[in-house]
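Everything on this sheet refers to the single structure shown next.
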2 protein chains.
Amino acid sequence: MILSKTCDYGLRAALYIATHEREHFVSIRRISEKLQISFHFLTKILQILTEKGIMISFRGPNGGVKLARKAEEITLLDIILAIDGPGLFTDCALGLEKCWEGHPCPLHQEWKQIRTDLKNIFQSKTLADLAFRIKSDTFRISDLAVTT
Amino acid sequence: MILSKTCDYGLRAALYIATHEREHFVSIRRISEKLQISFHFLTKILQILTEKGIMISFRGPNGGVKLARKAEEITLLDIILAIDGPGLFTDCALGLEKCWEGHPCPLHQEWKQIRTDLKNIFQSKTLADLAFRIKSDTFRISDLAVTT
DNA sequence: TATATTTAAGACAGTGTAGTCTTAATTTGG
DNA sequence: CCAAATTAAGACTACACTGTCTTAAATATA
């Protein structure tokens, strides 16, 4: 698994929110039901994104979470870095602690390229980009169909 | 972490063996000491590679393990598939079970390309390719220098 | 044949991720 | 002010991955 399950859920939830932005808060209960993710678990994940300043939360009736910035300004990379950290984009393919230009593992150059490609993909896609695809109804963020 | 630690260790051990091929068996104890990997843990990992037909083992004095085929004929992909399985090259970026051409997640196309690139890199590199680099002494398979 | 060497096999423990549950704090609306 | 709704926080459980240890089986050699 490239991304942790926690991160997968975080991304899916962010995409759900991005496709339902109407200036108000979306309740975590609703997201968890629509995406079939454990409510309590999702709450903890979204707390991380709130702590990191990617989302804003609000308690009480009509509370929930919403994106802290416009969906056009949040990339998948922002969310991945917040939840899984930068390891995916920095770690050695063979798991060596000390692997750099001057002291490379035998896969270093090729791996550097893959890591760059990976980072570029996640950085070049915003929540708005993918939300657009989801709204076009041919892309999905859950194993089951997601209704409004 | 892209590859499991078990897989990282398996790759490093295979590369060590490939750089020390002299037709005879290399003891796991020796590999574990040279690469600073727990002996018992490494034994279990190499048992997997033996079960999968990638290595051949032999018990008793002067026993150990060796490559079942020539280093030129074993790719990194062979070892990764044996230990971690094919998930890295098949799984959806968002962790969806049901994500395919007809029912893609919004990152499907881009992700497919990354998975292909990943697979190509691992498939195009044989143990011999990397052993050659290691012997040139500018590449390493351990955080510490590896002596003969 | 006896002993030392080495892998095989499996039980067991430690750690981190994933997931559940309960209680507290905040907010709205009657 | 009170009750309901909702996130925050933290304790707790389950499971997989990582790592350790012990015993068994196989092999070489003296």
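Throughout, a chain's letter reflects where its sequence line sits, starting with A, and its residues are numbered from 1. Just so it is clear, the model here is predicted, and its values are computed rather than measured.
OP1 or OP2 of dT17(C) has not a single side-chain nitrogen or oxygen of Thr6(A) nearer than 4.0 Å. Contact annotation: Ser27(B) does not reach the phosphate of dT5(C) (side-chain N/O to OP1 or OP2, under 4.0 Å). Between dA18(C) and Tyr9(A), no contact under 4.0 Å exists linking OP1 or OP2 to a side-chain N or O. Not one side-chain nitrogen or oxygen of Ser4(B) sits closer than 4.0 Å to the OP1 or OP2 atom of dC17(D).
Counting heavy-atom neighbours within 6.0 Å of Glu101(B) CD, excluding the residue itself, gives a total above 12. Counting non-hydrogen atoms of other residues, nucleotides and ligands closer than 6.0 Å to CZ of Phe89(A) gives a total above 12. Summarising the local packing, NZ of Lys119(B) is surrounded by 12 or fewer heavy atoms from other residues, nucleotides or ligands at distances under 6.0 Å.
The interatomic distance linking Phe25(B) (CZ) with dA8(C) (P) rounds to 10 Å, in whole Å. Between the C1' atom of dG19(C) and the CG atom of Asp8(A) lies a distance of 15 Å, rounded to the nearest Å. Separating the CD1 atom of Ile45(A) from the P atom of dG10(D) is a distance of 18 Å, rounded to the nearest angstrom. Atom C1' of nucleotide dT6(D) and atom NE2 of His24(A) are separated by 15 Å, given to the nearest angstrom. Computed from coordinates, the Gln47(A) CD to dA18(C) P distance equals 16 Å when rounded to whole Å. Lys66(A) has its NZ atom 15 Å from the C1' atom of dT7(D), to the nearest Å. Between the P atom of dT7(D) and the CE atom of Met55(A) lies a distance of 12 Å, rounded to the nearest Å. Computed from coordinates, the Leu42(A) CG to dT17(C) P distance equals 19 Å when rounded to whole Å.
Ranking dA8(D), dA9(C), dT20(D) by closeness to the Lys44(B) side chain, first place goes to dT20(D). Distances from the side chain of Lys5(B) to the nucleotides dT20(D), dT18(D), dG19(C) place dT18(D) closest. Side-chain proximity of Phe41(A) to the nucleotides dA8(D), dT6(D), dA18(C) is greatest for dA18(C).
Ring geometry, Tyr16(B) versus His20(B): the interplanar angle falls under 30°, so the pair is classed parallel (tilted spans 30 to 60°).
Counting only distance, with no hydrogens or angles, the side chain of Arg69(B) and the backbone of Ile74(B) share no donor-acceptor pair below 3.5 Å. A side-chain donor-acceptor contact under 3.5 Å links Arg140(B) to the backbone of Asp143(B).
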Which nucleotides of nucleotides 25-30 of chain D have their base under 4.0 Å from a protein heavy atom (B), which only their sugar-phosphate (S), and which neither (-), written as one string 5' to 3'?
-> BBBS--
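Toward the 5′ end of DNA chain C lies the nearest nucleotide of Met1(A), the other residue of the pair His40(A) and Met1(A) mapping further downstream.
Residue Phe139(A) is not grouped with residue Leu107(B) when hydrophobic side chains (ILVMFWY) are merged at heavy-atom distances under 4.5 angstrom, including chains of intermediate members. A continuous path of ILVMFWY side-chain contacts below 4.5 Å connects Leu11(A) to Leu35(A), so both sit in one hydrophobic cluster.
Within the nucleic acid shown, Phe39(A) comes within 4.0 Å of at least one base atom, counting heavy atoms only.
Sorted by residue number, the list of members of residues 83-92 of chain A with any non-hydrogen atom under 4.0 Å from DNA chain C is empty.
A centroid separation of 6.0 Å or more is found between the aromatic rings of His108(A) and Trp111(A).
The only option from Leu81(B), Ile2(B), Ile48(B), Asp84(B) that meets the side-chain contact (heavy atoms from CB on, under 4.5 Å) definition with Cys7(B) turns out to be Asp84(B).
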